[in-house]
Novice: 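The structure is given below, and queries will be raised subsequently.
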Amino acid sequence: MSFYDEYISLKTIPFQEFFDQITPEHVWHVLNKTDPLTNEEFLILLSPKAEHFLEEMAQKAHQLTVQHFGRTMQLFLPLYLTDYCVNKCKYCSFSFDHVFPRTKLTLDEIEKEAKVIKKKGIEHIILLTGESRIHSSVGYLKEAAEILKNYFSSISLEVQPLKTEEYRVLIEAGIDGLTVYQEVYNEDIYKDIHVKGPKRNYRFRLDTPERGCRAGMRSVNIGALLGLDDWRKEVFFTGMHAKYLQDNYLDTEISVSFPRLKPHLGSFQPNVHVTDIDLVQAMLAYRLFMPRSGITISTREAPELRNHLIPLGVTKMSAESSTTVGGYSKSHTGENSQFELSDHRTVEEIKQVLRDKGYHPVMKDWEILI
Amino acid sequence: MKEQWTIGGKTLTSRLFLGTGKFADHQDMKEAILSSNTEVVTVALRRVNLKEDDHYILNDIPDHIQLMPNTSGARNAEEAIRIARLAKASGLGDWVKVEVISDQKYLLPDNQETIKATRELAREGFQVFPYMSPDLMAGKALQEAGAAAVMPLGAPIGSNRGIRMKEIIQIMIHELEVPIIVDAGIGKPSDAAEAMEMGADAVLVNTAIATANNPVQMAKAFHEAVLAGRRGYKAGLGPTSNQAHASSPLTGFLHS
């Protein structure tokens with residue numbers, strides 16, 4: 001069993017016909033439910049009709065989030081280790097056909113980055129690399145984790161998809177979370193934009209979060225890169241994927257991100273324009289469908305929008321991020337960021353915004369037991 | 001005179017325990033602790049920074065309060081045991097609330113793993129307060145394993161739905177010798193009063209106070225509700241009936 005089997009059946013849903021027959025009464029009915037929502041009800045909240053009920057959805061999403069997570073927000077930072085990549089992907093700055101000097105941090109440089117990040121008061125980090133089994137090998141990631149666990153309380157991974165046994169090795173070294181974005185669930189578009197390299201294997205990527213759950217990751221974060229296909233369908237598939245994982249792996253915390261496409265290098269333009277309204281509707285619909293699931297929002301989004309998103313269901317935020325290799329200590333700076341950042345505020349500034357909005361910034365929410 | 005009671009080797013007057021995980025602001029939390037008159041506060045060890053001077057929350061908890069570190073985040077007995085040992089080694093005392101949750105969907109406790117962790121930690125000298133799904137046999141096993149008290153949930157955590165597990169918790173109150181602390185699901189002061197009227201020894205509240213518009217006033221309301229419920233229990237509640245009835249419809253003729 002794999003989510004792929006579900007995807008094969010879900011993709012035959014006649015989405016347009018379904019959306020066409022939705023009435024305001026359908027949306028009201030879903031909003032007044034206290035029981036968990038069905039898959040169909042989730043799709044109702046993603047429909048164009050539901051856009052007229054965003055305030056009602058927001059009220060409910062806010063109430064559910066405060067109930068389950070309290071008035072708290074967890075903060076984290078990304079740590080880029082290398083930008084070597086063996087894939088050619090139409091939308092990504094790290095794509096191998098973009099010629100720029102690539103960088104890989106040494107263990108000493110990793111420790112320097114750790115010290116700078118730690119000074120900001122950050123306890124949770126996520127390690128990122130381009131996708132290259134040579135430059136970001138399991139051995140290298142393991143060595144990095146062994147250093148970083150002396151500095152941080154939780155270390156997640158966002159690297160090329162690995163095998164279950166490889167995840168187990170990294171968990172033993174102190175890694176506790178896995179992030180992997182499917183980028184796009186639509187298999188045809190997936191094949192079109194992932195031009196060359198191992199990433200072309202749709203099925204292997206789709207099953208990656210599940211391998212992470214099997215290996216014993218504490219938390220697994222998934223998402224679709226919004227802008228590559230109709231966001232309503234993509235968010236529906238994301239929600240269904242999250243539910244599949246949560247139902248089958250009860251002891252893993254499943255969370256999602258809603259990254260919007262923001263290319264840096266290259267001239268790729270999004271296939272679909274995803275507006276702020278769309279992003280908010282996606283997030284609210286997901287919160288009502290999965291009330292206890294985490295929602296992450298990165299510094300890709302602009303400060304003002306991020307401020308407004310805080311009470312709408314978000315549970316984790318990054319702050320003062322650098323998406324270039326070596327970007328914190330400037331000891332060995334990569335020349336190219338993976339995507340362009342919008343929110344450049346410092347950790348302290350974000351903490352103050354949270355406090356002003358009545359939220360407690362949580363820096364530490366785990367203790368590495370290894 | 002205030003009624004005193006003993007639990008985990010400590011004599012207390014308050015029967016309201018407070019959770020701390022959901023407060024927006026530590027100043028609010030501190031004031032809520034004071035206005036609730038609580039003497040026991042739970043803290044998730046996962047949130048405490050043992051290596052730093054700023055211990056997240058510990059500096060904001062008044063000195064007279066008994067700390068009860070919890071093992072929140074543990075997915076099995078082994079993780080709970082490791083977290084408890086870490087708390088003790090860091091000087092947080094020997095009380096521990098064992099929370100083992102292997103279900104991220106409803107956050108229901110895993111009784112089997114909880115019993116295992118309780119047995120080991122009690123053997124190591126901890127005062128163990130296991131959080132559990134209400135069940136008489138599991139309650140007996142926890143008592144047997146050396147628990148200082150048993151903490152059944154009233155309803156799923158964070159649900160604010162009240163004492164939904166009332167029938168089972170009532171049986172546990174009747175049948176177990178260790179104190180029963182109703183934890184989770186208590187959404188209103190009246191729910192806390194209800195648990196106390198049933199004969200629970202104490203209640204633990206977090207969400208309802210931390211997420212109230214005015215946590216300090218809500219903490220006070222819970223304090224008063226717990227006192228009222230306890231007083232009602234001690235005074236001996238009258239029997240309840242579903243229908244109103246005349247004084248002696250069947251035997252009145254004997255006295256006429």
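Scope of the values below: all heavy atoms of this structure, side chains included, with no hydrogens, waters or symmetry mates.
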Novice: Taking atom CD as the centre, does A/E146 end up with more than 12 heavy-atom neighbours from other residues, nucleotides or ligands that are less than 6.0 angstrom away?
Specialist: yes
Novice: Go through the atoms of A/F69 and report whether side chain, backbone, both or neither lie under 4.5 Å from a heavy atom of chain B.
Specialist: backbone
Novice: Looking only at heavy atoms, what is the nearest atom pair of A/W366 and B/E79, with distance?
Specialist: CH2-OE1, 4.5 Å
Novice: Counting heavy atoms not belonging to A/E172, are there more than 12 under 6.0 Å from its CD?
Specialist: no
Novice: Measuring from B/D28:CG to A/R71:CZ, what's the distance to the nearest 0.5 Å?
Specialist: 9.5 Å
Novice: Given the options B/I101, B/D110, B/L107, which has more heavy-atom pairs under 4.5 Å with chain A than any of the others?
Specialist: B/L107
Novice: Can you tell which part of B/T211 gets under 4.5 Å to a heavy atom of chain A, answering side chain, backbone, both or neither?
Specialist: both
Novice: Has B/K220 got more than 12 heavy atoms of other residues, nucleotides or ligands less than 6.0 Å from its NZ?
Specialist: no
Novice: A/R218 side chain to B/G73 main-chain N or O, any donor-acceptor pair under 3.5 Å?
Specialist: yes
Novice: Of the backbone (N, CA, C, O) and the side chain (C-beta and beyond), which part of A/T252 lies under 4.5 Å from a heavy atom of chain B, both, or neither?
Specialist: backbone
Novice: Output, in order, the C-alpha distance, side-chain angles, deciding distance and verdict of salt bridge (Lys or Arg N to Asp or Glu O under 4.0 Å) for A/R355 and B/D25.
Specialist: CA-CA 8 Å; A/R355 288 193 204 101; B/D25 177 286; over 6 Å; no
Novice: So, do B/Q104 and A/Q246 sit near enough that their side-chain heavy atoms are less than 4.5 Å apart?
Specialist: yes
Novice: With rounding to the nearest 0.5 Å, note down the distance linking CG in B/N49 to CD in A/E123.
Specialist: 4.5 Å
Novice: Flag yes if more than 12 heavy atoms outside B/R85 fall under 6.0 Å of its CZ atom; otherwise flag no.
Specialist: yes
Novice: Do the non-hydrogen side-chain atoms of B/R47 and A/T72 ever get within less than 4.5 Å of each other?
Specialist: yes
Novice: Inspect the surroundings of CD in A/Q352 and state if more than 12 heavy atoms from other residues, nucleotides or ligands are less than 6.0 Å away.
Specialist: yes
Novice: For B/K105 versus A/R292, what's the shortest heavy-atom pair and its separation?
Specialist: O-CD, 2.8 Å
Novice: Check A/V66 against B/K22 and note the closest heavy-atom contact, atom names and distance.
Specialist: O-CD, 4.4 Å
